[in-house]
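Before any comments, here is the structure.
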Amino acid sequence: MHVDPERPVVRVSHGARGVDDRGLPDPPDGTVHRLALTFDAFDARHHTLWLRYAHTQVGGRAAAETVVDTTCARLLEHWPHVLTQESVARYAWALLKEEVAWWLDDHDREPALVDTAAFHAAVRKLLNIEKRDQFEVLQREMRLYGAISRLPERQYDVVVLRYVLQVPDEEVAEYMGIEVATVRSHVRHARRRLAKHLELRETETEE
């Protein structure tokens, strides 16, 4: 799958004859309206997860909204082309990841997974596990998420989607354009890598 590296930006021509408020030509047969409806439906299904994923990478709500808004603008500008793709969800996911990478590069930042998901997971465990040493819990969570951030790209995506964002295997497969069995294979390989890095028995990486 090829994603346009030019990073096009939507330019909306408000009030122009023959152009709707999304910047798309408006032929008399209502095609643009139907395309807009299909985009709205697609966006409504995926927007919240895109925001949650972007937040784990860029570290803030406002920045995540900027990344997702830019992704949506690119999708909408080329929506007829996007609809011809074998998997629209996979194409959109690749575009989102591209925008995340550009944002991080523009701001000279590394992915913020350790500072976001790790902290919140640690806090949840601290609230539920009173007998364990709190520093140990926090330290272990930080090490775990640090190890996740060093996984190969596909294993990283699968682990973040499935375990950090709690996305079912079937949806993970849809986003990544792979089979459910491949998702589970990536999980197994990721567990082995994490267990080795953290010097744990593999069964300890189940949670």
Side-chain angles (χ1 to χ4, degrees), residues 43 45-69 71 89-90 92-105 107 109-129 132 134-207:
D43 179 55
R45 179 184 175 192
H46 300 287
H47 198 94
T48 298
L49 179 62
W50 291 342
L51 275 176
R52 292 173 62 211
Y53 174 80
H55 193 187
T56 69
Q57 305 304 300
V58 301
R61 175 77 181 190
E65 289 176 347
T66 297
V67 167
V68 173
D69 286 348
T71 302
R90 180 178 63 175
W93 179 253
L95 221 59
L96 173 63
K97 288 185 59 182
E98 194 172 76
E99 284 299 328
V100 166
W102 269 320
W103 190 95
L104 292 171
D105 185 63
H107 293 80
R109 299 269 295 275
E110 294 294 325
L113 180 66
V114 174
D115 299 320
T116 54
F119 177 76
H120 293 296
V123 168
R124 286 196 301 270
K125 287 197 174 184
L126 289 175
L127 291 175
N128 293 325
I129 307 175
R132 294 184 59 180
Q134 294 188 3
F135 180 77
E136 177 190 348
V137 173
L138 179 60
Q139 186 179 48
R140 181 163 176 170
E141 290 294 335
M142 297 295 282
R143 287 181 63 216
L144 172 60
Y145 282 93
I148 290 172
S149 70
R150 291 188 289 275
L151 288 170
E153 182 179 3
R154 284 192 166 252
Q155 292 178 22
Y156 174 87
D157 281 349
V158 167
V159 169
V160 171
L161 283 167
R162 184 175 175 186
Y163 292 103
V164 178
L165 301 179
Q166 302 294 307
V167 178
D169 288 353
E170 292 75 15
E171 289 186 38
V172 175
E174 180 184 10
Y175 278 117
M176 298 185 62
I178 57 180
E179 299 294 330
V180 172
T182 306
V183 170
R184 292 167 182 165
S185 175
H186 283 317
V187 168
R188 288 194 298 272
H189 288 296
R191 281 177 175 163
R192 293 190 188 103
R193 284 177 178 269
L194 294 173
K196 182 177 180 181
H197 180 81
L198 299 173
E199 298 179 346
L200 300 172
R201 297 186 305 277
E202 188 175 342
T203 53
E204 292 185 69
T205 65
E206 290 289 328
E207 294 296 330

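Just so it is clear, the structure is predicted and the values come from calculations on it, not from any experiment.
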Take His186 and Ile178, measure what side chain to side chain contact (heavy atoms under 4.5 Å, CB included) needs, and give me the verdict at the end. CA-CA 11 Å; His186 283 317; Ile178 57 180; 3.9 Å; yes
What distance do [X] atom [atom1] and [Y] atom [atom2] have between them, rounded to the nearest 0.5 Å?
{"X": "His197", "Y": "Leu151", "atom1": "NE2", "atom2": "CG", "answer": "9.5 Å"}
{"X": "Leu96", "Y": "Glu99", "atom1": "CG", "atom2": "CD", "answer": "8.0 Å"}
{"X": "Leu144", "Y": "Met142", "atom1": "CG", "atom2": "CE", "answer": "11.0 Å"}
{"X": "Glu171", "Y": "Leu49", "atom1": "CD", "atom2": "CG", "answer": "7.5 Å"}

Return the set of residues passing side chain to side chain contact (heavy atoms under 4.5 Å, CB included) with Glu174 (not counting sequence neighbours), or none when no residue passes.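 Once residues adjacent in sequence are excluded, the partners of Glu174 under the side chain to side chain contact (heavy atoms under 4.5 Å, CB included) criterion are Arg45, His46, Ala89.
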Applying side chain to side chain contact (heavy atoms under 4.5 Å, CB included), name anything that partners Ala112, two or more places apart in sequence or on another chain. Thr116
Would Leu194 and Arg191 count as a side chain to side chain contact (heavy atoms under 4.5 Å, CB included) here? Give the steps. CA-CA 5 Å; Leu194 294 173; Arg191 281 177 175 163; 5.6 Å; no
Do Tyr163 and Ile148 touch side chain to side chain, with heavy atoms closer than 4.5 Å?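 Side-chain contact under 4.5 Å: no.
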Just distance, no hydrogens or angles: give the donor-acceptor pairs under 3.5 Å from side chains in residues 61-68, sequence neighbours left out.
{"from": "Arg61", "atom 1": "NE", "to": "Glu65", "atom 2": "OE2", "distance (Å)": "3.0"}
{"from": "Thr66", "atom 1": "OG1", "to": "Ala62", "atom 2": "O", "distance (Å)": "3.1"}

Can you list the residues that meet the side chain to side chain donor-acceptor pair (under 3.5 Å) rule with Asp43, with sequence neighbours excluded? His47
For Asp157, enumerate each residue passing the side chain to side chain donor-acceptor pair (under 3.5 Å) test, keeping only those at least two apart in sequence or located in another chain. Lys97
Salt bridge (Lys or Arg N to Asp or Glu O under 4.0 Å) filter on Arg184, not counting sequence neighbours, yields Asp169
Partners passing salt bridge (Lys or Arg N to Asp or Glu O under 4.0 Å) against Arg193 (at least two apart in sequence or in another chain):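 Salt bridge (Lys or Arg N to Asp or Glu O under 4.0 Å) list for Arg193, sorted by chain: empty.
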Smallest separation among heavy atoms of Arg162 and Val172, with atom names: N-CG2, 4.3 Å
Shortest non-hydrogen contact between Val159 and Ala190, atoms and distance: CG2-CB, 3.7 Å
Kindly state each residue pair satisfying side-chain hydrogen bond (donor to acceptor under 3.5 Å, both in side chains) with at least one member in residues 51-60, sequence neighbours excluded.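 Sorted pair list: Gln57-Tyr156.
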